[in-house]
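Start at 1 and go down the list; that is how both ligands and their atoms are numbered. Because the structure is a prediction, the values reported are computed rather than measured.
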Amino acid sequence: MKIGIDKIGFAMPKYYLDIEDLAIGRNANPNKFKKGLMQLEMSVSPVSQDIVTLGSAAAYEILDSSDREKIDMIIMCTETGIDHSKAASVFIHNLLKIQPFTRSVEIKEACYGATAGLNFAKNHIEKNPDSYVLVIASDIAKYGINSQGESTQGAGSCAMLLKKNPKLLILNDDNVFHTRDIMDFWRPNYSKYPCVNGHFSAKQYLDCLTVIWNEYLKRNSKTLEDFEAVCFHLPYPKLGLKGLQSLFPESFTKEMKDKFLKNFESSIVYNQKIGNIYTGSLYLSLLSLLENSNNLKSGDSIAMYSYGSGAVGEIFSVTLAENFKKSLRIDRKTEFSKRHRLSVNEYEKIFFEEITVNEEGNFDLNNSDDSIFSLEKIENHKRIYKSNIKK
Ligand code: HMG
């Protein structure tokens, strides 16, 4: 049975910061961010947007009423949880009006979570061939004002619908995964921002890639030439480029390298405008590749490198389905152009605003957010969401 991703949806907040403005605001050379990290813009999320609203909007983009009747599992993958107990997917289940006999959970392992989510979804469909599973990767990456990682922040969500005989791509059975206990990036429960050992984390990302890639080639008797493209977890695009270059065997000609480099360019178009979205970053890159490359055809294989700090990494491959192009949007770029560009002062005010409940556990956002889903208020410690879906 062929199992894979039928559709991918994406949602981002309506604000962004131009990375050049950030560089000027921080007295840094803009080329450090634009060339050194290959980042151009960063998505900025207001307090009325969280993993639930972004995740719901990403899923809303792709689901029709028949999908809502067939989905029987929603897996939220995030490291920006809004509650230590209740899974964010339970809120999403309600906002999207998914049929009631559904399993809803949340899983975590830094940026790797969504890859585990896809595997769990695949196993579920193997046992229940008529099931549809919604896997949502939703995160808001904040490192703090003037921090070393500030230029790699971002916010957004990817929603993936998995089923048998998918229209977009098939998940192959060739996964190789790897765990190593390191402290490269972590987020203690008591801390607002992550603890980051920046240069060490980049080194670990690249070292895990080498270790897993070599094992992947050995176990699956493959070479890089079996693929048309490689997609990477992209904390910032330059690290993915370094990763790709590290995979080129010495025997590779310029022509062979150029094929991969061209597809790499397509795979970073969206990430360069969004920044790091942790769990969703690899899948945003995949969406970017599929919607921006003009040299892919059905049957082509793409290698995927997932990395989550801590660390867990995985390499697996996907094969493009027949007529996969019909499952993609051609107008996504207009969504980016509708965003509102913030000044550095506005960004600092909006991105770092916090929810502070009063003694009764209330906080009114005075919500004027016209997004399809938004957080309206906290009432007696309960998050109340607003849906602008027209009945
Ligand atoms: P930094 O230390 O301030 O920057 O922050 P830098 O000095 O290393 O410079 C960055 C690059 O710009 C360098 O290129 C410079 O040479 C270059 P490289 O040597 O690396 O090729 N540069 C310039 N280029 C052109 N013109 C100039 C110029 N100036 C400098 N004028 C750092 C960089 C990555 C440390 C920081 O952004 C950070 O801490 N980021 C957060 C951590 C991170 O993203 N780590 C990535 C791997 S871990 C991961 O992927 C997991 C993660 O997503 C979390 C999760 O799993 O949940 C983060």
Item to check | Under 4.0 Å to a heavy atom of Gly198 - the qualifying atoms of ligand 1, by number | outcome: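 Counting from 1, the qualifying ligand atoms are 35 (C), 39 (O).
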Next on the checklist: If you scan the protein for heavy atoms around atom 27 (C) of ligand 1, do you find one that is closer than 4.0 Å?
Outcome noted: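 It does; a protein heavy atom is within 4.0 Å.
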Mind checking whether [X] contacts ligand 1 via backbone (N, CA, C, O), side chain (CB onward), both or neither, at a 4.0 Å heavy-atom cut-off?
| X | result |
| --- | --- |
| Thr152 | side chain |
| Tyr143 | side chain |
| Lys242 | side chain |

Item to check | Pro30, Ser201, Gly36: member with heavy atom nearest to atom 11 (C) of ligand 1 | outcome: Gly36
Salt bridge [X]-[Y], side-chain N to carboxylate O under 4.0 Å:
| X | Y | result |
| --- | --- | --- |
| Asp83 | Arg383 | no |
| Glu291 | Arg329 | no |
| Lys254 | Asp258 | yes |
| Asp184 | Lys203 | no |

Checklist entry - Is the closest N or O pair between Lys35 and ligand 1 shorter than 3.5 Å? => result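 No, there is no polar N/O contact under 3.5 Å.
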Checklist entry - For Gly313, does its backbone N or O pair with a side-chain atom of His178 as donor and acceptor, under 3.5 Å? => result no
